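Notes to accompany the following structure.
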Amino acid sequence: MKRLGLLLLIVGSAITLIWWMKNQSNDQLFEVMKVPEFGLTNQNHQIITEQEMLGKVYVVEFFFTNCPTICPIMKQNLIEVEKEINSPDFGVISITIDPKRDTPETLKIHKERLQIQNPNWHLLTGERDYIYELSRGFNIYMGKDESTAEGLNHSGKLALVDKNGKIRSRYGANGVPILYYSGLNYSDPEGRNESLAGTYHPEIEWLKEDIKKLLEE
């Protein structure tokens, strides 16, 4: 009888949680978690930390400069985001997963090549093991073993951070928080089929809208 009561309590709590999430306002952004602590070197040899970014709304991505597949797409999408937002309170944190090759000097050249003008867009590098643990803290995938091709695999997900250092996200159509935004392109407007040659990026449009909301908070 006790087990049955406990089971009913768990089921009831789950139903209540689902109902609560489905009935949240579309204008309210979910609080995922506090951004993990970090301290990495940017393209100007400056140490950038999460404390340094307080007071700004920013997006976090993992990438590497020699990436031939998803990184150029993610960068171009983020450049379009930055152009539309155009705010001194907006920034981007781009963390390389290939620090042996992506030195501060390399990152500076990369930023100049992309014609990124925003002073709050930091391309960061550091120790590989530290960056791997940081990706786990963000819950954004990157390959662990850098001696293999798998080590340079990484997710196309983007974390949106508010002025108070909290990762935020919108609720999906099913009423459940999406947690992270896709920085990729798709072959369909619904964003179901990833495609390097795709012309649709619905979650980038969501990202723009939600950045504007957080800038007004």
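Everything numeric here is computed off the predicted structure, so don't read it as measured data. No hydrogens, no waters, no symmetry mates; every other heavy atom, side chains included, goes into these values. Count residues from 1 along the sequence.
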Assess whether side chain to side chain contact (heavy atoms under 4.5 Å, CB included) is satisfied between Asn66 and Arg101, documenting all intermediate values. CA-CA 9 Å; Asn66 287 302; Arg101 288 187 290 181; 3.6 Å; yes

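- At least one side-chain heavy atom of Cys71 sits under 4.5 Å from a side-chain heavy atom of Phe63.
- A donor-acceptor pair under 3.5 Å is absent between the side-chain atoms of Tyr58 and the main chain of Trp121, judged by distance alone.
- Taking the salt bridge (charged side-chain N to carboxylate O under 4.0 Å, His left out) definition, one finds that Arg113 meets it with nothing, sequence neighbours left out.
- Side-chain heavy atoms closer than 4.5 Å link hydrophobic residues (I, L, V, M, F, W, Y) into clusters, and following such links, even through other members, never connects Ile47 to Leu40.
- Taking every heavy atom of both residues into account, Ile131 and Thr96 meet most closely at CD1-O, 3.2 Å.
- The only option from Asn193, Asn77, Thr199 that meets the side-chain hydrogen bond (donor to acceptor under 3.5 Å, both in side chains) definition with Asn185 turns out to be Asn77.
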Carefully, step by step, assess Met74 and His154 under the rule side chain to side chain contact (heavy atoms under 4.5 Å, CB included). CA-CA 12 Å; Met74 293 172 68; His154 64 93; 4.2 Å; yes

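- The side-chain hydrogen bond (donor to acceptor under 3.5 Å, both in side chains) search around Ser169 returns none, not counting sequence neighbours.
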Could you go through Asp102 and Thr65, starting from their C-alpha distance and side-chain angles, then the distance that decides it, and tell me whether this counts as side-chain hydrogen bond (donor to acceptor under 3.5 Å, both in side chains)? CA-CA 7 Å; Asp102 287 342; Thr65 60; 2.4 Å; yes

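- With hydrogens and angles disregarded, a donor-acceptor distance shorter than 3.5 Å links the side chain of Glu50 to the backbone of Phe38.
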Stepwise side chain to side chain contact (heavy atoms under 4.5 Å, CB included) test for Leu152 and Asp98: CA-CA 7 Å; Leu152 291 180; Asp98 188 17; 4.0 Å; yes

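- Minimum heavy-atom separation, Val92 to Ser94: CG1-OG, 3.7 Å.
- The number of heavy atoms from other shown groups lying within 6.0 Å of CG (Asp188) is above 12.
- Glu31 meets the salt bridge (charged side-chain N to carboxylate O under 4.0 Å, His left out) test with Lys166; sequence neighbours excluded.
- Salt bridge absent: Glu209 and Lys212 never bring a charged side-chain N and a carboxylate O closer than 4.0 Å.
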Go through it in stages, so that I can follow the logic: the residues are Asp89 and Val57, the test is side chain to side chain contact (heavy atoms under 4.5 Å, CB included), and I'd like the CA-CA distance, side-chain angles, deciding distance and then a yes or no. CA-CA 6 Å; Asp89 294 324; Val57 175; over 6 Å; no

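- Using a 4.5 Å heavy-atom cutoff, the side chains of Val59 and Ile93 are not in contact.
- Side-chain contact between Glu203 and Arg170 is absent, with no heavy-atom pair separated by less than 4.5 Å.
- Taking the side chain as every heavy atom from C-beta outward, Glu61 and Lys75 approach each other to under 4.5 Å.
- Formation of a donor-acceptor pair under 3.5 Å by the Asn164 side chain with backbone atoms of Leu54 is not found in this model.
- With salt bridges taken as basic N to acidic carboxylate O contacts below 4.0 Å, none links Lys108 and Glu105.
- Figure legend: cation-pi geometry between Lys56 and Phe90 absent, as NZ or CZ is not positioned both under 6.0 Å from the six-membered ring centre and within 45° of its axis.
- Counting only heavy atoms from C-beta outward, the side chains of Glu52 and His122 never approach each other to under 4.5 Å.
- Between the Arg128 side chain and the Lys144 main chain, a donor and an acceptor come within less than 3.5 Å of each other.
- Looking at heavy atoms from C-beta onward, Lys34 lies out of side-chain contact with Ile167 at the 4.5 angstrom threshold.
- Nearest heavy atom pair, residue Thr41 against residue Pro104, reads CG2-CG, 4.0 Å.
- Contact of the Asn153 side chain with the Met142 side chain is not registered, since no non-hydrogen atoms from C-beta on lie closer than 4.5 Å.
- Side chains of Ile211 and Leu160 form a contact here, defined as non-hydrogen atoms less than 4.5 Å apart.
- Phe138 and Phe62 have perpendicular rings, their planes meeting at more than 60° on a 0 to 90° scale where under 30° would count as parallel.
- Taking all atoms of both residues into account, the shortest heavy-atom contact from Gly183 to Leu158 is CA-CD1, 3.7 Å.
- The closest donor-acceptor contact from the side chain of Ser187 to the backbone of Glu194 lies at 3.5 Å or more, if one exists at all.
- Proximity of a side-chain donor or acceptor of Lys157 to a complementary backbone N or O of Tyr141 within less than 3.5 Å is not detected.
- With hydrogens and angles disregarded, a donor-acceptor distance shorter than 3.5 Å links the side chain of Lys163 to the backbone of Leu215.
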